[in-house]
Number of protein chains: 2
Amino acid sequence: MDANSSPPRAGGRGGRTSGTAGAVWLRGPRTYRDSTLTSDRIIAEAIVLLDGEGAGRLTMRRLAEHLGVGPTTLYWHVKTKDDVIDLAVDAIFDEVSLPEPSSRWDDDVRALVLQWRATMLRHPWAAGLLGRPLLGPNVLERTEFLQATLRRAGFEGPVLAAATHGLANYVIGSAATQSTWQHLATPELQQSADAHVRAHADLYPTLAVTHHLGEHDWDDLFRRGLEFMLAGLGSPA
Amino acid sequence: MDANSSPPRAGGRGGRTSGTAGAVWLRGPRTYRDSTLTSDRIIAEAIVLLDGEGAGRLTMRRLAEHLGVGPTTLYWHVKTKDDVIDLAVDAIFDEVSLPEPSSRWDDDVRALVLQWRATMLRHPWAAGLLGRPLLGPNVLERTEFLQATLRRAGFEGPVLAAATHGLANYVIGSAATQSTWQHLATPELQQSADAHVRAHADLYPTLAVTHHLGEHDWDDLFRRGLEFMLAGLGSPA
DNA sequence: CCACTAATAGAACGTTGGTCTATGCGCAGA
DNA sequence: TCTGCGCATAGACCAACGTTCTATTAGTGG
């Protein structure tokens with residue numbers, strides 16, 4: 001807030017630290033104005049902001065304010081806002097822990113994919129940020145795990161590529177759909193959407209009966225779809 | 001461009017059309033300054049702009065300019081820019097023609113899903129616009145068709161819902177991934193991404209061997225994944 | 001000819017992402 | 001202890017954006 005008023009903060013550690021030998025160890029790493037702004041801290045705060053208020057309300061100024069820092073200062077640590085977003089997206093994938101390989105490859109896939117999905121749902125803004133290349137180390141590491149698991153299961157060549165893509169795209173699509181409905185659409189919108197479909201039951205007879213937009217058991221839905229995919233993979237292995 | 005200079009355009013049809021009976025038929029529908037701006041024309045031009053330059057370069061001002069119209073005029077026909085986008089997204093789904101129901105339900109699904117995908121690839125900006133509810137009539141009609149087809153095939157209850165969602169989410173995820181790579185990532189980025197993965201072959205051993213990011217046979221990949229899903233659906237029907 | 005409505009344009013506001021430039025802090029060496 | 005020097009921060013500013021408010025014009029019905 002008013003972190004940039006007149007009295008300058010105390011820098012470093014207490015008082016005078018002239019060229020005394022050995023003082024380095026007491027001083028610790030380079031500190032500046034005692035709050036070292038790093039790109040990591042920026043990304044972390046960006047994620048907090050995104051989690052709390054959604055992608056639309058992430059602005060460089062608000063982000064700087066939350067960090068107690070001038071708006072333009074961020075650009076010293078980060079090139080553009082797009083960089084912030086890309087880094088934030090990759091950062092959340094750190095939460096997807098890689099399962100310990102078991103004796104059943106499909107169990108490993110299940111475990112990974114469920115965590116992947118859970119992470120995307122924990123940060124629903126991530127779904128709306130697809131459409132940008134996912135090349136961060138965390139994403140690549142998870143993709144590597146998925147593909148390596150499938151490869152150990154015996155898939156190869158085009159089949160392996162298709163299996164990897166199929167599973168990944170299913171997760172991405174599912175998470176995007178669910179995030180959209182759960183977090184970006186207000187309950188009123190969900191209800192009126194439901195009402196709208198039922199009001200036009202002549203146009204959407206099947207949807208009107210079966211498609212209760214707001215009342216899905218999303219977990220069950222996802223798991224069933226995943227089992228379809230795994231079953232389809234099972235035969236031509 | 002300079003459509004708003006001093007000389008006002010000629011309105012209506014030639015000269016005086018006072019209260020002469022029967023003149024309505026000669027006059028045709030209400031015309032104003034001989035170029036009737038409608039929300040349909042706005043959406044159509046928005047799609048042209050989106051196709052040509054991507055989502056990032058669609059602004060109300062540029063859209064108005066392309067229509068030879070003042071920037072604020074659009075707001076008479078359209079409430080907000082989000083409306084334009086929502087309408088544009090739904091409009092492109094008009095290109096997804098509903099297949100004639102055949103004797104094999106899976107062929108119908110294949111036909112629909114392939115067209116769905118093709119349309120999304122034809123308008124690659126659409127993928128980045130997921131994360132907003134798809135509730136337009138065109139989208140709903142296609143979803144209705146998909147679900148109705150599966151229902152006729154014997155699916156019911158949670159299985160039906162899972163099958164619909166599974167297929168739709170697979171299409172969405174696949175199209176998003178491919179659009180991202182083909183259109184939003186420059187060839188240089190693709191190449192350097194490839195190089196990056198191979199340079200870190202220690203971290204991504206499987207990807208380094210198999211994952212040629214820029215050189216996928218996307219059609220083949222998608223079809224194989226779709227067949228996995230359909231095969232998985234086939235068994236527990 | 002006049003009032004009325006539909007449609008257009010313009011000025012302007014607040015906010016955004018980003019750049020350019022100046023300022024201050026902390027450290028190393030003399 | 002003083003003096004540079006580079007890392008880090010802030011401020012003024014810019015062009016562009018979405019949108020609103022208000023004025024103006026074209027066409028219609030009386």
Side-chain angles (χ1 to χ4, degrees), chain A residues 1-21 23-24 26-39 41-42 46 55-65 67-85, chain B residues 1-21 23-24 27-39 41-42 46 49 55-65 67-85:
Chain A
M1 296 310 177
D2 59 290
N4 43 3
S5 298
S6 17
R9 316 294 219 7
R13 303 289 164 88
R16 29 174 50 257
T17 51
S18 45
T20 322
V24 208
L26 304 176
R27 247 183 286 123
R30 192 35 137 49
T31 60
Y32 179 71
R33 289 180 186 181
D34 97 347
S35 86
T36 341
L37 189 59
T38 63
S39 81
R41 272 194 56 210
I42 294 177
R57 305 208 41 176
L58 174 69
T59 71
M60 295 301 267
R61 289 173 218 269
R62 282 166 55 77
L63 180 53
E65 198 179 338
L67 287 162
V69 132
T72 65
T73 302
L74 302 178
Y75 288 93
W76 176 264
H77 303 272
V78 151
K79 210 176 249 168
T80 76
K81 184 186 179 181
D82 273 332
D83 278 16
V84 174
I85 295 178
Chain B
M1 295 311 178
D2 59 294
N4 44 3
S5 298
S6 19
R9 318 289 222 9
R13 303 289 165 87
R16 27 169 55 256
T17 49
S18 45
T20 322
V24 208
R27 247 183 287 123
R30 198 23 144 55
T31 61
Y32 180 70
R33 290 180 185 183
D34 94 348
S35 87
T36 341
L37 189 59
T38 64
S39 80
R41 272 194 54 209
I42 294 177
L49 220 75
R57 305 206 43 175
L58 173 70
T59 71
M60 295 302 267
R61 289 172 218 267
R62 281 167 55 77
L63 179 53
E65 198 179 339
L67 287 161
V69 132
T72 65
T73 302
L74 301 178
Y75 288 90
W76 177 264
H77 304 271
V78 151
K79 209 176 252 169
T80 75
K81 184 187 178 181
D82 272 330
D83 278 16
V84 174
I85 295 177

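From a predicted model like this one, the values you see are computed outputs, not experimental measurements. Letters A, B, ... mirror the listed sequences (proteins, then strands); counts begin at 1.
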*Starting from P on D:dG11, measure out to CE on A:M60 and report it in whole angstrom.*
16 Å
*List the atom of B:G70, the atom of B:A64, and the distance in Å for their closest heavy-atom pair.*
O-CB, 3.5 Å
*Could you state the atom-to-atom distance from CG of A:L37 to P of C:dG26 in whole Å?*
15 Å
*Minimal non-hydrogen separation, B:T80 against B:V78, with atom names*: O-CG1, 3.1 Å
*Distance below 4.0 Å between A:W76 side-chain N/O and D:dA8 OP1 or OP2*: yes
*Can you figure out which of D:dA10, D:dT19, C:dA9 approaches the side chain of B:V69 most closely?*
C:dA9
*Specify the separation, in whole Å, of atom NZ of B:K81 and atom C1' of D:dA16.*
11 Å
*Out of D:dA12, C:dT16, D:dC17, whichever nucleotide has its closest atom nearest the side chain of A:T72*: D:dA12
*Consider the side chain of B:T80, meaning its heavy atoms from C-beta on, and name the nucleotide among D:dG18, C:dT16, D:dT19 that approaches it most closely.*
D:dT19
*Nearest-angstrom distance from the residue atom OH of A:Y75 to C1' of C:dT21*: 17 Å
*How long is the line joining CD1 of A:I85 and P of C:dG17, in whole Å?*
9 Å
*Among the candidates D:dG18, C:dT8, D:dA8, find the nucleotide nearest to the side-chain atoms of A:H77.*
D:dA8
_Students often get this wrong, so: under 4.0 angstrom with heavy atoms, is A:L74 touching a base, only sugar-phosphate, or nothing?_
nothing
*Quick one: which of C:dG17, C:dT16, D:dG18 gets closest to the side chain of A:R62?*
C:dT16
*asked:* Expressed as a whole number of angstroms, how long is the span from B:E65:CD to C:dT8:C1'?
replied: 17 Å
*Which pair of non-hydrogen atoms, one from A:I42 and one from A:H77, has the smallest distance, and what is that distance?*
CD1-CB, 3.7 Å
*Grab the CG-C1' distance between B:L63 and D:dG18 for me, whole Å please.*
13 Å
*Find the distance B:R61:CZ to D:dG18:P and express it as a whole number of Å.*
7 Å
*Identify whether any heavy atom of B:L58 sits under 4.0 Å from a base atom; if not, whether one sits that close to sugar-phosphate; answer base, sugar-phosphate or nothing.*
sugar-phosphate
*Side-chain contact test, heavy atoms from C-beta onward, threshold under 4.5 Å: evaluate it for A:L74 versus A:L67 and give yes or no.*
yes
*asked:* So B:P71 and B:M60, do their side chains get closer than 4.5 Å, heavy atoms only?
replied: no
_At less than 3.5 Å, do the side-chain atoms of A:T73 and the base atoms of D:dA8 form a donor-acceptor pair?_
no
